[in-house]
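Here the structure is a predicted model, which is why all the values come from computation and not from measurement.
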Amino acid sequence: MTTETAAPLHLYVHVPFCARKCPYCHFYNLGHDDAREAVFLDAIEREMAGWRARGAFDGGRLETLYWGGGTPSMLTAAGFERLAGLCLAVAPAAADLEWTLEVNPDDAGAERFGRWRAWGVDRVSIGAQSFDPGRLAFLGRTHGPRRAIDAVRGAAEAGFRSVSIDLMFNLAAADPVARRRAWARDLATALALPIHHLSLYGLTIEPGTAFAARTGAGATLTVPDPAYAAEYRAARRAAERAGFEHYEISSFARPGHRSRHNSAYWSGARYLGLGPSAHSFDGRRRWANSASLTEWAEALAVGGDPREFVETLGPDERAIETLYLGLRTREGAPAGHPLLAAPAARSVVDALREEGLLRRVGGRIACTEAGYLVLDALLERLVGPPGPPTGRIDKVLQAR
């Protein structure tokens with residue numbers, strides 16, 4: 001079997017370290033030190049060895065590699081090199097391997113960029129979130145606007161094939177006019193930078209976060225639905241005017257710069273997640289590792305199962321999920337999808353098209369801009385209660 005004909009492998013590594021916990025973040029992370037890094041790397045090596053013994057990498061070709069978190073850019077030079085060597089040893093790499101590294105602007109610098117680039121990282125995702133000092137302070141970010149701008153420019157100068165940034169909207173402010181202007185400045189600043197990809201995240205108040213506690217105490221941290229829709233539409237128009245393609249509900253890319261790793265999630269491809277709290281999918285089962293560095297590492301040290309849950313998707317669950325994933329993307333879902341082709345569903349599809357929420361693209365059904373804004377409700381109308389997939393699949397899809 002040649003590398004070209006081998007089965008594609010999509011590998012995700014969750015690096016759980018962060019300088020601080022952002023008040024909106026619900027992903028598993030903890031502080032970094034050399035001892036914790038050593039525990040993490042030893043356990044990753046054991047986890048990989050276990051999957052190798054079970055034949056998970058046999059006949060495979062490493063197609064995409066994504067290091068998320070947490071903050072993978074916090075790894076020491078030695079830690080980065082050890083983890084890189086482990087990942088590149090799982091299987092032969094595709095000639096056009098896409099290797100993404102999530103980067104905090106505070107960790108960006110010419111020396112680090114050069115080291116990462118030399119190892120083969122070709123795509124960086126920079127967590128800018130905003131270029132406004134007040135919004136950054138509200139979000140609990142440790143960097144300022146200039147640091148984020150310099151990180152983007154430094155990444156471009158280092159020669160990464162693709163530079164992506166995250167921006168966050170749906171942030172409440174005392175003055176609505178000032179809020180709209182701040183969002184417009186964020187968009188203008190981002191799109192004037194040498195980026196190839198933009199990911200948008202509407203602030204969501206997640207259980208267990210500091211923002212959830214503030215909301216529970218009566219604070220208003222997000223904007224009303226009409227303002228949310230206006231900010232989303234403004235971003236979409238600004239990105240498209242700048243030459244970006246809106247290819248997924250939250251993702252914009254210049255031609256040739258779609259995230260292939262994230263596209264694997266949306267297309268229903270198999271992927272393997274390593275590290276504490278990492279999610280995986282083998283085409284039939286979904287599972288996640290324990291969201292604790294200690295518990296995950298201790299289970300691997302004694303040859304135990306580090307997973308927190310395993311679920312098998314039945315035909316109905318899988319059908320709903322593939323429809324949901326398809327409708328998140330520009331291409332949409334096949335018109336012949338079983339949940340669209342059923343007689344009862346066809347009349348609903350026709351109604352949703354009349355309402356301007358769905359559109360037909362050749363032999364596929366896709367969301368309009370208005371449809372993206374009400375995707376969960378739209379899907380519930382198509383499939384009925386209990387509605388769209390939530391919880392575990394959403395945690396996967398929120399990965400950059």
Electrostatic pair [X]-[Y], nearest N-O below 4.0 angstrom:
{"X": "Arg153", "Y": "Glu157", "value": "no"}
{"X": "Glu331", "Y": "Arg364", "value": "no"}
{"X": "Arg286", "Y": "Glu317", "value": "no"}

Check: [Y] main-chain N/O paired with [X] side-chain donor or acceptor under 3.5 Å:
{"X": "Glu98", "Y": "Arg260", "value": "yes"}
{"X": "Ser251", "Y": "Tyr247", "value": "no"}
{"X": "Asn289", "Y": "Gly275", "value": "yes"}
{"X": "Thr189", "Y": "Asp186", "value": "no"}
{"X": "Ser290", "Y": "Arg307", "value": "no"}
{"X": "Arg284", "Y": "Leu313", "value": "no"}

Should [X] and [Y] be regarded as members of a common hydrophobic cluster, given that ILVMFWY residues are connected when their side-chain heavy atoms come within less than 4.5 Å of each other, either directly or indirectly?
{"X": "Leu11", "Y": "Trp119", "result": "yes"}
{"X": "Leu379", "Y": "Leu340", "result": "yes"}
{"X": "Leu86", "Y": "Leu75", "result": "yes"}

Does the side chain of [X] reach to within under 4.5 Å of the side chain of [Y], using non-hydrogen atoms?
{"X": "Arg112", "Y": "Arg115", "value": "yes"}
{"X": "Tyr228", "Y": "Thr222", "value": "no"}
{"X": "Leu352", "Y": "Leu378", "value": "yes"}
{"X": "Asn29", "Y": "Thr71", "value": "no"}
{"X": "Phe57", "Y": "Leu272", "value": "yes"}
{"X": "Arg141", "Y": "Asn104", "value": "yes"}
{"X": "Val13", "Y": "Cys87", "value": "yes"}
{"X": "Leu274", "Y": "Trp51", "value": "yes"}

Report task. Quick one: closest heavy-atom pair of Gly31 and Arg36, and the distance? Result ->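 The answer is O-NH1, 2.9 Å.
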Report task. Taking the six-membered ring for Trp and the full ring for Phe, Tyr or His, determine whether the centres of Phe17 and Phe40 are under 6.0 Å apart. Result ->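 Centroid distance Phe17-Phe40: below 6.0 Å, so yes.
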Query raised in the report: Are Tyr271 and Tyr265 an aromatic pair by the rule of ring centers under 6.0 Å?
Result: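 Between Tyr265 and Tyr271, which both carry aromatic rings, the centre distance is below 6.0 Å.
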Query raised in the report: Which residue pairs pass the ring-ring contact (aromatic ring centres under 6.0 Å, His included) test when at least one of the two sits in residues 131-155, sequence neighbours left out?
Result: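 Every pair satisfying ring-ring contact (aromatic ring centres under 6.0 Å, His included) with a residue in residues 131-155: Phe138-Phe211.
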Report task. With sequence neighbours excluded, give me every ring-ring contact (aromatic ring centres under 6.0 Å, His included) pair touching residues 325-377. Result ->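 Only His246-Tyr372 qualify under ring-ring contact (aromatic ring centres under 6.0 Å, His included).
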Determine the sole option in [options] for which the side-chain contact (heavy atoms from CB on, under 4.5 Å) test with [X] is passed.
{"X": "Glu37", "options": "Met74, His32, Arg82", "answer": "His32"}
{"X": "Ser125", "options": "Asp166, Ile165, Val163", "answer": "Asp166"}
{"X": "Glu245", "options": "Glu240, Arg258, Arg254", "answer": "Arg258"}

Excluding sequence neighbours, so at least two apart, what forms ring pair (Phe, Tyr, Trp, His ring centres under 6.0 Å) with [X]?
{"X": "Phe113", "result": "Trp116, Phe160"}
{"X": "Trp67", "result": "Phe80, Trp99"}
{"X": "His10", "result": "none"}

**Report entry** Evaluation steps, side chain to side chain contact (heavy atoms under 4.5 Å, CB included), between Asn170 and Tyr232
**Finding:** CA-CA 9 Å; Asn170 193 35; Tyr232 183 81; over 6 Å; no
Give a yes or no on this: more than 12 heavy atoms of other residues, nucleotides or ligands lie within 6.0 Å of atom [atom1] of [X].
{"X": "Arg147", "atom1": "CZ", "value": "yes"}
{"X": "Arg181", "atom1": "CZ", "value": "no"}
{"X": "Asp42", "atom1": "CG", "value": "yes"}
{"X": "Glu111", "atom1": "CD", "value": "yes"}

Query raised in the report: With a cut-off of under 6.0 Å to the ring centre and 45° to the axis, is Arg180 in cation-pi contact with Trp183?
Result: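 Judged by the rule (NZ or CZ under 6.0 Å from the ring centre, within 45° of its axis), Arg180 is not positioned above Trp183.
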Query raised in the report: Can you check side chain to side chain contact (heavy atoms under 4.5 Å, CB included) on Glu308 and Ser277, steps first, answer last?
Result: CA-CA 8 Å; Glu308 185 174 76; Ser277 85; over 6 Å; no
Query raised in the report: Could you go step by step and tell me if Arg161 and Arg123 meet the side chain to side chain contact (heavy atoms under 4.5 Å, CB included) rule?
Result: CA-CA 6 Å; Arg161 181 190 63 81; Arg123 184 175 184 274; 4.3 Å; yes
Requested in this report: May I ask you to check whether Glu102 and Tyr66 show a side-chain donor-acceptor distance below 3.5 Å?
Outcome: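 Yes - a donor-acceptor pair under 3.5 Å links their side chains.
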Query - Sequence-distant partners of Glu298, side chain to side chain contact (heavy atoms under 4.5 Å, CB included), two or more places apart - result: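 Side chain to side chain contact (heavy atoms under 4.5 Å, CB included) check on Glu298 returns Thr294.
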Requested in this report: Start with the C-alpha gap between Tyr324 and Val383, add the side-chain angles, then the distance that decides, and say whether side chain to side chain contact (heavy atoms under 4.5 Å, CB included) holds.
Outcome: CA-CA 10 Å; Tyr324 177 61; Val383 305; over 6 Å; no
